Visitor: 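Starting off with a structure, shown below.
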Amino acid sequence: MTEIGHGLLAHRSGAPVAEVRPRRFSVHGQEITDDYAWLKAENWQTVLKDPSALPDDIAAYLKAENAFAEQALAGSTDLRRQLVAEMRGRIQEDESGVPEPDGPFAYYTRHRAGGQHPLICRRPATSPDVPETGPDPDETILIDGDREGEGLPFFEIAAAVHSDDHERLAWSADTKGSELYTIRVRDIATGLDLDDRVDATSGEAVWAADGASFWYVAVDANHRPAKVMRHRIGTGQSEDETVYTEADAGYFVHIGKTQSGAFLDVTVSDHETSEVRLLDRHAEDAPLRLVEPRTPLLIYGVEHRGDRLFIRTNADGAEDFKIVTAPLDDPGRARWTDLVPHRAGVMIRHLHLLTGHLIRLEIENAKPRIVVRDLADGAEHTVAFEEEAYSLGLRAGLAFDTATIRFVYASMTTPSETWDYDCAARTRVLRKRQAVPSGHDPAAYVTRRLFATAPDGAQVPISLLHRRDLVLDGSAPLLLYGYGSYGTLMPAAFRTNLLSLVDRGFVYAIAHIRGGTEKGWRWYLDGKREKKPNTFTDFIACARALIAARYTAEKRIVAHGGSAGGMLMGAVANLAPELFAGIVADVPFVDVLNTMLDAELPLTPPEWPEWGNPGESEAAFRTILSYSPYDNVAAKDYPAILALGGLTDPRVTYWEPAKWVARLRATMTGGGPVLLRINMEAGHGGAAGRFDRLEEVALIYAFALMAVGKA
């Protein structure tokens, strides 16, 4: 066997060989052959609920792939152990969150030392401030995640929502990784769950004001959140009342509560259209009230204060969004009045409303800021920061009748800081600074913001992190991360795990490519559907710009992306394999054409606005066929590739990376190795336990280090 990167076995001898069972079909007059379609279990819906139902031939193949990946990475065992120890050493194991006040109590999460899962807690609001570490003598543990998850291969809490009278808690959890959540109701006084149990939900819950019932979203047979149901305490799930049913499979249903607490918010949306209904939480038989009927490409979201609604929307050509108001009793679009006008290039990402203040989170040219507006006189002021690249998040909190907001600031060198900000006094109080027990000196690192020039001239932001003493002579290895889909913004935040790479001489870079919203909504539109290839060429341009600036060199870059970012990995592997020493594709969406042609899959109809519908549109079919990673694997040399998946993943199904790896091995002329690792006990997010997750991160980092000869 030969080796690359001083450790990765490059020879394909011993690699599992997937049987070729051709499936042929024709779309828009073109025949497509899928040699590995059999890896998609016919009973995949059952497998999501019961992984043991996976057909034997598929299970045997996936286990063989896992064994081969472990063999190829066998030389990294000690390194992975060391990486886990380092990363765990940077975690404050008994960390407590900052309490969120709500009436007589304040709610928060914390972990116990050695615990995998969070503890959901509360304490009297008048008690002295919660300690940053360790238990609080005044606290009540509402949900003990470690106890609830004990003995389960997977356990994840989705939500824990208390009733208005603070007597009950509706909490939801997933025990398979398939994102099918069961809701239970806990009596806070006794600490025991009631007999109430609601299965197959999205995990969301909103209480009625009297605490006698709650609303939830039921998931249909195709795993789509499609119905709003009302469950009355003490009754069986079969007696639950249907409040709303969405008939269009292309739209998902979500519920929430307005910050005022007055209304249940039912939002129906895809990636480019939304529709909102409100229901009075205080009235027993209140009807759902539609705010504005869905109109293609109209997006809006609603908050409430007094007799008016405050609405963030892209109506009337407000591409980067504006804020309007409308009368509560007649809130249709004809009555919308501009409050914060649209400004091109300044995207309003979030609207937060309090009794006396409107707060918005904006981003301009990849830099965020918070703007506070006094609703009495309209005066505005800004909360911003001076670092070249940083992240800024606004937390909604539980209170409405307050002038205090909470925000979280971090940069790639600065640990996360949680601040309470008084909008009236314009003063801030530091509530928590992220601790790094093993030590961290921000001055030892540098964060930068660069720009790469895309083939069409677009300026693509890049956020960088490296050690201050690094010699930038082009020899450094570099991990280049990218996503670029759904308008998702990749924050330039602090991540302690990355220090294990950076302290070993890596440069870490985030490519803020089109398909995200770092430069506004247009940045997103220019990276979707027929313009999706911009996402890939932007990423390649970032790699080449970093090489030109002597941060790294060809074959010294490891690319990393997950989910839709995993599709990016597959695309750039086909387009520019010569640039990369390695590619990590985490739960990669690589079988784009087949998935978008299969309307039975959970996410397919709601994803058509993002990628196009190749079954109905020949143009969409040709575009997707031109870049779909699985369909464009070619006879060429590929870099080392690590593909990761989850057996119960409903978003990017396990067979996508499995099929991709099989075709790569059968087609490529050299390079590699190509490795596949499927977590047989988890879904899209991987392992749920915080320390179990470190094992997966260590695997990725060990692969990256081996690929560039740093192991």
Side-chain angles (χ1 to χ4, degrees), residues 48-50 102-103 105 107 109 117-122 140-152 154-221 223-246 253-257 261 263-266 279-286 288 398 688:
L48 286 176
K49 301 173 185 176
D50 179 11
D102 186 22
F105 296 100
Y107 293 81
T109 62
H117 303 290
L119 311 180
I120 312 298
C121 307
R122 81 175 183 191
T140 299
I141 297 176
L142 306 176
I143 302 291
D144 186 333
D146 291 322
R147 186 182 67 187
E148 299 293 343
E150 186 175 2
L152 297 173
F154 184 93
F155 177 76
E156 184 176 48
I157 297 173
V161 185
H162 59 273
S163 57
D164 289 25
D165 60 10
H166 304 275
E167 293 183 1
R168 290 170 173 161
L169 193 78
W171 68 283
S172 58
D174 173 14
T175 59
K176 296 289 191 299
S178 55
E179 300 178 43
L180 290 170
Y181 297 94
T182 294
I183 301 175
R184 295 176 175 86
V185 178
R186 180 150 299 183
D187 182 294
I188 293 178
T190 66
L192 300 176
D193 285 337
L194 307 180
D195 292 336
D196 300 72
R197 177 188 173 103
V198 181
D199 293 315
T201 82
S202 68
E204 302 160 296
V206 175
W207 284 98
D210 63 5
S213 63
F214 63 84
W215 295 277
Y216 66 93
V217 178
V219 176
D220 67 15
H223 214 99
R224 298 174 188 135
K227 287 186 177 182
V228 178
M229 308 292 292
R230 184 173 192 163
H231 176 79
R232 300 182 188 278
I233 303 304
T235 65
Q237 185 173 358
S238 62
E239 300 176 55
D240 290 352
E241 170 194 352
T242 300
V243 175
Y244 176 81
T245 301
E246 176 52 47
V253 179
H254 297 283
I255 59 173
K257 183 172 69 173
F263 295 102
L264 167 76
D265 174 326
V266 177
L279 189 152
D280 188 339
R281 294 176 58 246
H282 296 79
E284 171 61 26
D285 297 316
L288 275 176
L398 300 172

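Keep in mind it's a predicted model, so treat the numbers as computed, not measured.
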Visitor: Would you say D196's side chain and R184's backbone share a donor-acceptor pair under 3.5 angstrom?
Guide: no
Visitor: Run the side chain to side chain donor-acceptor pair (under 3.5 Å) test against R224 and tell me which residues pass, sequence neighbours left out.
Guide: none
Visitor: Considering non-hydrogen atoms only, spot the tightest contact between F155 and G149 and give its length.
Guide: CG-CA, 3.5 Å
Visitor: Name the residue from I183, L142, D193 that meets the side chain to side chain contact (heavy atoms under 4.5 Å, CB included) definition with W171.
Guide: D193
Visitor: Evaluate I143 against L169 for side-chain contact (heavy atoms from CB on, under 4.5 Å), listing each step before the verdict.
Guide: CA-CA 9 Å; I143 302 291; L169 193 78; 3.5 Å; yes
Visitor: Any salt bridge between E148 and R186, counting N to O under 4.0 Å?
Guide: yes
Visitor: Do I233 and R168 pass the side-chain contact (heavy atoms from CB on, under 4.5 Å) test, and can you show the C-alpha distance, the side-chain angles, and the key distance before you say yes or no?
Guide: CA-CA 10 Å; I233 303 304; R168 290 170 173 161; 3.6 Å; yes
Visitor: With side chains defined as the heavy atoms from C-beta onward, is the minimum distance between H223 and L180 less than 4.5 Å?
Guide: yes
Visitor: Does any donor atom in the side chain of Y216 or D240 lie under 3.5 Å from an acceptor atom in the other side chain?
Guide: yes
Visitor: Using the side chain to side chain donor-acceptor pair (under 3.5 Å) criterion, which residues pair with S202? Sequence neighbours excluded.
Guide: E204
Visitor: Side-chain donor-acceptor pair under 3.5 Å between H117 and D146, yes or no?
Guide: no
Visitor: How long is the span from the CH2 atom in W207 to the CD atom in E167, to the nearest 0.5 Å?
Guide: 10.0 Å
Visitor: So, does D102 use its side chain to make a donor-acceptor pair with the main chain of F105 at under 3.5 Å?
Guide: no
Visitor: Just how far is it from atom CG of L288 to atom CG of D280, taken to the nearest 0.5 Å?
Guide: 11.0 Å
Visitor: If you compare all heavy atoms of S172 against all heavy atoms of G203, which two are closest, and at what distance to 0.1 Å?
Guide: OG-O, 2.9 Å
Visitor: Give me the one residue out of V161, I255, D265 that meets side chain to side chain contact (heavy atoms under 4.5 Å, CB included) with V206.
Guide: I255
Visitor: Is any NZ, NE, NH1 or NH2 atom of the basic residue among R281 and D164 found under 4.0 Å from an Asp or Glu carboxylate oxygen of the other?
Guide: yes
Visitor: Can you name the nearest heavy-atom pair linking G145 to I157, along with the distance?
Guide: CA-CD1, 4.1 Å
Visitor: How far apart are the C-alpha atoms of V253 and V266, what are their side-chain angles, what is the distance that settles it, and do they pass the side-chain contact (heavy atoms from CB on, under 4.5 Å) test?
Guide: CA-CA 7 Å; V253 179; V266 177; 4.1 Å; yes
Visitor: Going from CD on E241 to CE on M229, what distance comes out if it is rounded to the nearest 0.5 angstrom?
Guide: 8.0 Å
Visitor: Assess, by modelled atom type and distance only, whether the side chains of Y244 and E246 contain a donor and an acceptor separated by less than 3.5 Å.
Guide: yes
Visitor: Can any side-chain N or O of T182 pair as donor or acceptor with the backbone N or O of D199 at less than 3.5 Å?
Guide: no
Visitor: Among side-chain atoms of R230 and S213, is any donor-acceptor pair under 3.5 angstrom?
Guide: yes
Visitor: Side chains of V219 and K227, heavy atoms from C-beta outward: is any pair under 4.5 Å?
Guide: no
Visitor: Can you find a heavy atom in the side chain of F214 that is under 4.5 Å from one in the side chain of V185?
Guide: yes
Visitor: So, taking the atom named CD1 in I141 and the one named CD1 in I188, what distance separates them when rounded to the nearest 0.5 Å?
Guide: 13.5 Å
Visitor: Main chain of L192, side chain of T190: is a donor-acceptor contact present, judged purely on distance under 3.5 Å?
Guide: yes
Visitor: For S163 and G211, indicate whether the former's side chain and the latter's backbone hold a donor-acceptor pair under 3.5 Å.
Guide: no
Visitor: What distance do L264 atom CG and W215 atom CH2 have between them, rounded to the nearest 0.5 Å?
Guide: 5.5 Å
Visitor: Report the C-alpha separation of R122 and H166 in whole Å, then their side-chain angles, then the decisive distance to 0.1 Å, and conclude whether the side-chain contact (heavy atoms from CB on, under 4.5 Å) test is met.
Guide: CA-CA 10 Å; R122 81 175 183 191; H166 304 275; 3.5 Å; yes
